[in-house]
Amino acid sequence: MDNYIWLIPVLPLAGFVINGLGRNSLSKNIIGAIGSLLVLAAFGISLATFFQIRSTGASIDVTLFNWISVGSFNISFSFLIDQLSSIMLLIITGVGFLIHLYSIGYMHDDKGFGKFFAYLNLFVFFMLLLVMGSNYVIMFIGWEGVGLCSYLLIGFWYTNPSYADAAKKAFIMNRIGDLGFLLGIFLLASSFNSVAFADIFPKAASAAGVPFTLITLLLFVGAVGKSAQLPLFTWLPDAMAGPTPVSALIHAATMVTAGVYMIARSNILFVLAPTTMHVVAIVGLATAAFAALIAISQTDIKKVLAYSTVSQLGYMFLGLGMGAFTGAFFHVLTHAFFKALLFLGAGSVIHAMGGEQDMRKMGGLKGKIKITFWTMLIGTLAISGIPPFAGFFSKDEILAHTFEISTSFYVIGVITAGLTSFYMFRMMYLTFWGKFRGTHEQEHHVHESPASMTIPLIVLAILSTIGGFIGIPELMGGHHELEHFLAPVFEGSNKLLLEHHPAASTEWLLMGISVGLAVIALIYAYVKYVKNNHVPVADGEERPELVKLSYHKFYVDEIYDTLIRKPLDAVSVFFYRVIELSGIDGFVNGLGKGSIETSKGLRLLQTGNVGFYIFMMVIGIIAILVYSIFKI
Amino acid sequence: MTTLIIISVLPIVLLYLGLYKAQKALLPVTLIGLLAALVTAVMQWNSNAQPIYHGMMLFNNFSVAFSVVSIISTMLILLLSKGYFEKISKHVAEYYAIILFSLAGIIVMVSYHNLTMLFIGIEIMSVSLYILAGIRKNDFASNEAALKYFLMGAFSTGFLLFGITLIYGSAGSFDLDAIRDFVVTYPRNIDPIFYIGVLLIIVGLCFKVGAAPFHFWTPDVYEGAPSLITAFMSTVVKTAGFAAFLRLFSACFITIADFWTPVLLAVTVLTLFIGNITALYQQNFKRMLAFSSISHAGYLLFAIVALGAASANSVFVYATAYSIASIIAFGALILVRQQTGSDNFEGFNGLAKSNPFLAFVITISMLSLAGIPLTAGFIGKFYMFSGALSQYKVWLVIIAVVNAIISIFYYFRVIIAMYFRDEERAVVIVPAYYKFVLGFSALATIIIGIYPSFISGLI
Amino acid sequence: MSTFYFIAFLSIFFSILVISAKNPVHSILYLILTFFTFTIHYILMNAQFLAIVNFIVYMGAILVLFLYTLMLINLNKESEPVKPFMVKLAAVFGAGILMVVLVASLKSLGTSQPVVLKNPDLGLVKNLGKVLFNEFLLPFEVSSVLLLSAMVGAVLLATKDTKATI
Amino acid sequence: MTVSILLFLPILAALLVLLFKNETAKHAALFFAVAELGIALYFLSGFVPDASFQYVIDLPWIQDFGIYFNAGIDGISMVMVLLTTILVPLIILSTYQHTYKNARAFYALILFMQAGLLTVFTALDGFLFYVGWEAALIPIYFICALWGGQNRIRVTIKFFIYTFAGSLFMLVGIIYLYLQTPGKLYDLHEFYNAGLDAAHQSWVFWAFFLAFAIKMPLFPFHTWQPDTYTEAPAAGTMLLSGIMLKMGIYGVIRWLIPNAPLGFLQWQNLAIILSTIGIIYASLIAFNQKDGKRLVAYSSIAHVGLISAGIFAWSVQGVQGAMIQMLSHGINVVGMFFIWDIISRRLNTREISQLGGIAKVAPNFSIAFLIIVLGTVALPLTNGFVGEFLLLKGVFSYNIWFAAVAGLTIIFGAVYMLRMYKNVMQGETNQLTAIFADITASEKLVLGIICVLIIGIGVYPQAILHISEASVVKLVRSVNQNFANSKF
Amino acid sequence: MGSLTNTIQAVPLNHYILLSTIIFSIGVMGVLLRRNAIVIFMSVELMLNSVNLLLTAFSVYRGDASGQVFVFFIMALAAAEVAVGLAIIVMIYRNTNSIDINVLNRLKW
């Protein structure tokens, strides 16, 4: 099996190359088939690999070639597949395949069909690199590569300038994080003289004088950028400018969880830096709550999902910060299922609505697009943490861990969970219940999506339903398959972390609280949006202050604009106009001008008058003679 | 010595030719005569010369090298004179004769071994030049140049003589060996009048080579004098002046260098700045060349300021490079002036299109004057800088560098005018003589620039 | 001894007159007087040959040439425009400082030994002739070039350039 | 087979090209440039990647000064030779769409310049180095001034004087070092052994530093550069930015730091600070540039700032990073200027604000443009990344804060490059850009080669790193040895 | 003659130097003061003559004849210069009707 590992990333890459070159010449069917099947093939190999690892328990390390070798510093282009990455491989290729499949239908009418599949394949390739890399630099390649694909896909409809702006924003914000990541890598490299996981992790616990806090903080900055945490989260909602499958694949299921993956991967380093753990937890929690607060007033269906993604990512980071690596990763897994599902569902809705994304113009779709409705309902239940859907288990595990460490964190977390339930059901109600609020034409147009789109929905719905069962806590009579499977990865950290299991009763209570809150929230939402038929007001109208704040995303973008972009642009102009042109260049030109001015003045010495000339000569002679008086 | 005799007799022959109206024969005879002088000069190469005629002259390699350069430069300039003097007046023979008299003075200047000979050499040269500057008798500028040159020249001669006198007064002889012996014998407590003598000689010689603050005559005279004569003055005369300067100082005063170096240092710095900076704003190409010649005098002074074994070589290389480049510049100027009637930079506009060859050689000349590598001018500067640095005159070199930078601006103005300023103009007619001279000079500039071993290391 | 100082005084006196006389012709006449005092100096030093040459060449030839030229161009009147006072002052100061400095640098450590006529025959024609035609033969010959050149040049410049002439 | 063939072939070629007709000159020039590339590749095939100098030519030149015509190729030089020989044919090919007045002179000058550049990169003699240095300057001056834009005269003379000023100071330094050498030779290795004390080395450092800082150009000696890049013809800009500024960087590696290690040690901080300031400063200025070429010019200053910071940090990683980044930057920036050449040739404008939506009408062009942008912003698996990674790591090992500040380049770079890309290529077409024709065959070839190089080097950088590894290690070690000795 | 020459026996060499210097400086002053080219020229002659005097004094003082021979050459030069100089002045006068040097300032700057 080891010999075929390299095929996993290369297959999608081949897809990229074939589709990229043949984007104009190949037929859409062939392109779709190539794009999807190659990912499927990669999924097959991943599956085989997964089972191999499951059976042997040993990780697979494959070196392809020596990538960069400078002096004693060596970076090889090599892959490491262990328990953690094998699951990620399954998510990426599996969910990825489904989304490819979905895209065949979704993008069928788009001119850039071939280009789209090429980009998607490229994304899968980079994402695979990210998780398969056996060292931080390969991971970084994937890390930036997915950023690129994200950029390309957000800006897929680049003729719309605001979409192009959104793409640019995503790339640049990611880049800010990437710088932190890069510096973290440097610090690691200078501490361990290697960037390979295999060299760093075993030594980490016993290494002396390594600034773990700084390293992990820097790595975390990377994660913040990629996973859209505070304060770098604003790109993700904007990223919804891309086609919906992209939002599902990149901005929900896979890429944005790269930060979680990276921290989980580096768990030992983080565990060695308690301060960072705290920071991670605080940032995660804050993001979760903040994004949830924004989500409750959004009207764009994809925006709601986007903020919910941010919020869920916050949960994951909360889990990481609390040392619940398994829990966080578990949430990654389940989130991949239900969030992909939700996005695809939303895509299906949008597809049905002929491109309309504003929930205020929807409503009453329940009966018209049934498959979409039911699958989305499952997704919503899953994300809201209603048992027995997938989200419940993963979220509960994180909250339980949080409770062990800090009650106040728990309180915020669980309230956020309630908010999640509220805004998700708000979305459901607004979309599927009530009367249709769109135009007549749209109403006529509403139809269920083709099979290529609904099949992925169904598959994902099933996964969202049963996905949680791999992590049923022992309390409920399961034995947390996932935790056992991942145990080797977190072995080192778990030894360092203090294990305290809360009492069973407490755990039951916690579950009760969170489920209870979720249910209350969904009922409240029902009352508000179905019973009372409340519809968010149109853009022009007044909102209550708090809602306005939330609707306008707490003006974060505007604040960034005033605090960072405008000052930078002003500095730029100042540098150019004042320092560059008048200052430095002015000085340089001044030297030239000064010489010429001196020349103008000096040439007047040449008066043309012999008497004057001789007089000057005499003065020169006098000067020389005076010198001699002193010298002799 | 034969060289000197030939060059002294040649003008008399020419005067007779003139008398018999053999105008056509003048140039060929002159050239043949100079060729003969050249051959005799070269034959004296490495002949382990001793001072001759009671220590009056010394034809060693130094003087042979400089004689050869002077003669060749003169030949090149005379080749450019084909048809030039005829336009001025009918006394063509006299002109040739006086140029050759001047050359005779120059040969004396580069070969003297006695202050008497130095003095006479300088005066033969100078008096001839006073005349030559004024040969455009009806041209006001030419008149003015002649009178200015003459008055100031005579004035500076006074100082030179005073200096020589004082040196004689303390050393008791005009002979270079005797003076050197005198300096070496009393290295510590030489009579102060000797020192003053040295300074006044510096004054006199600085005037002749056009170093600041004794340079004032240069721009006016160069501008006013006929171009061909200016070419002669700025090349051969300058070379000879430096050869004389160097010979005197390296032979006699080297052991008291501590005394006079600061003076020359100041003069050098002043010369460099005045020459270069003033040249920047000139609108007249010829006047620009005059200021440029002042600045080159500054560079040449390096060899004397940093007097050492290599100085002669440096001056030789530099002067050669400068001479051939200047000949191109003046040759081109004559042609351009014939067409446009002015000496201004504008006259060169668009020359590259109408006369690519002419523009190309001027470019080479300007690059050489600016000291750009792969031209002879660079090698010259390189030698000068090396010499100065070997004496740890770092600041002097840095000042020189600053000046070299300034100088690029005005040299490149010509190139810019020729290549980048478009102007419709007729083709400038370049006679075959000119083609030969310009081509030869350009070639020499490049060859020396690429492989300076041809001429360096001769002395 | 006092003769020297008297003559020296006269030399200085007349030379000042040379440069201060308004009329160029007067200047020349004073110059002749100055040169005459020089001749006396030469005689005092027993440089008879020089004394004679000075007398003949300078006073007889050169200065007469000056006079002729002046007459020729009709400048025997006080036609010279007066320089501005400041310029004059600067000139006097300049030259004065030059003199002071020259004297200072020369005199400060200069020899104060008296001039003793070691060889009374030194300045006689016979003696000088020997030196001139032995040691200084070459400069003597070469200076002919100087004179020749000057002659040709003077003719060239001074003749009116009517195209008809040679 | 010595390196001399590499140095003289372009000169010969230039003279031959002058004999061709204007119409065929470009083909001839391309032929010779490719031949030159062939020779370089032949050298590469026989090249042993150890620290020794190979294909050495050593002839007496000016013997009374100890000057030899001494040139050879080691790992560092090999990379530079490759850079030059790859880019020159590309640049010539990139001019195929232009019809220049007096084309044969144009191409002859390019080839002359190539000879000068190769001389710089292979010279082992201080004098030869200097001669090559200036010999490369003259042709480019004429290229820029003869075929440049509106303000070319003023701008190019400033460029010439500015760079010439720097190099004259270097000449002083070279002569000074020569006078201190034990054997009175201009030989490179004699220079290394001159054994000056720290104070004098400090002066030597400055003499060389000025020349290189101006050539690169380093903040605040850079003001000639944007003007010149803007005014120069496309090929001139490419030559300047692609190859010529590498002379300065190469000079730092080969001639500055090893020649005056102790002097360097005293000013290391300042040099890195200047480089770092340059990165930020130029990036910020690039944010709001209106002229595309000028924007790229400022971006080039920023990139070069990073390269120099990496070198001045003086570690094997930093220098190796510089080596590969020189190649990468050369390729990227040539690509970038070619992009702008294509745009300005088609639309007669370089005003970014007037453009937009080109991607829609010229998809192939947009792909090439994007790949070049990505290479420029140092995306992994493009050539830019490897260099910037190693450079930043080099800076990092010197000082983490400098690295953090220098690292801002990856953010800022993305900002201005993507802004440019967005404003030029994305959005809807306007009247001007609607008629934009997609790239022609020769343009495709050039851009294709550039893109292949961008990705090829990015994917397998070891191919390049391997060449210079041994030489760089040796050089860095020997200098560090000097540091160590000075401490005792 | 003998008695006449004896009168200088006690004059210090210094005084000759002094005298020449003074006259030389007066010559310089004349050059600076006057505007008439001929008078300037005469002042130059004054300078030359002071040098002659000094040379002779040195020659006598040292008992060396070459000084006096040198004076002879200076006189030759003076003659030559006068010839050329006056020719130039005449030429100028012919063109401008003036020998005022201040008129000659077309060549400047």
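Numbered from 1 within each chain, the chains take letters A, B, ... in sequence-line order.
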Heavy atoms, side chains only, cut-off 4.5 Å: are [X] and [Y] in contact?
X	Y	value
Phe72(E)	Phe136(C)	no
Val39(E)	Ser27(C)	yes
His15(E)	Phe4(C)	yes
Tyr42(C)	Asn52(E)	yes
His41(C)	Leu19(E)	yes
Val60(E)	Asn46(C)	no

[X] to [Y] - nearest heavy-atom pair and separation:
X	Y	result
Asn49(E)	Phe38(C)	O-CE2, 3.2 Å
Ala65(E)	Val131(C)	CB-CG2, 3.6 Å
Ala47(C)	Gln68(E)	CB-OE1, 3.4 Å
Arg34(E)	Ala21(C)	NH1-O, 2.8 Å
Ser15(C)	Ile23(E)	OG-CG1, 4.3 Å
Leu32(E)	Ala95(C)	CD1-N, 4.0 Å

Portion of [X] that has a non-hydrogen atom of chain E nearer than 4.5 angstrom:
X	result
Phe49(C)	side chain
Thr34(C)	side chain
Leu31(C)	side chain
Ser20(C)	backbone

If you count heavy-atom pairs under 4.5 Å with chain E, which of [options] comes out on top?
options	answer
Val18(C), Leu63(C), Leu65(C)	Leu65(C)
Ala150(C), Ala91(C), Ala90(C), Ser143(C)	Ala91(C)
Val87(C), Ile28(C), Asn127(C)	Ile28(C)

To the closest 0.5 Å, what do you measure between [atom1] ([X]) and [atom2] ([Y])?
X	Y	atom1	atom2	answer
Ser66(E)	Leu128(C)	OG	CG	10.0 Å
Phe41(E)	Thr69(C)	CZ	OG1	9.0 Å
Leu157(C)	Ile89(E)	CG	CD1	11.5 Å
Ser25(E)	Ile12(C)	OG	CD1	10.0 Å
Thr37(C)	Leu53(E)	OG1	CG	8.5 Å
Leu77(E)	Leu147(C)	CG	CG	9.0 Å

Out of [options], return the one with the most heavy atom pairs under 4.5 angstrom to chain C.
options	answer
Asp64(E), Asn102(E), Val90(E)	Asp64(E)
Gly67(E), Ala76(E), Ala57(E)	Ala57(E)
Thr56(E), Thr21(E), Val82(E)	Thr56(E)

> What part of Glu81(E) lies closer than 4.5 angstrom to a heavy atom of chain C: side chain, backbone, both or neither?
Replying inline: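 It is neither, since no heavy atom gets under 4.5 Å.
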>> Using heavy-atom distances under 4.5 Å, tell me whether Phe24(E) contacts chain C through its side chain, its backbone, both, or neither.
In response: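 For Phe24(E), the contact with chain C is made by the side chain alone.
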> Can you name the residues of residues 51-61 of chain C that have some heavy atom under 4.5 Å away from a heavy atom in chain E?
Replying inline: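 Within residues 51-61 of chain C, near chain E: Val53(C), Asn54(C), Tyr58(C).
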>> Counting neighbours of CZ on Phe133(C) that are heavy atoms of other residues, nucleotides or ligands and sit closer than 6.0 Å, is the number greater than 12?
In response: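 More than 12 heavy atoms, drawn from other residues, nucleotides or ligands, come within 6.0 Å of this atom.
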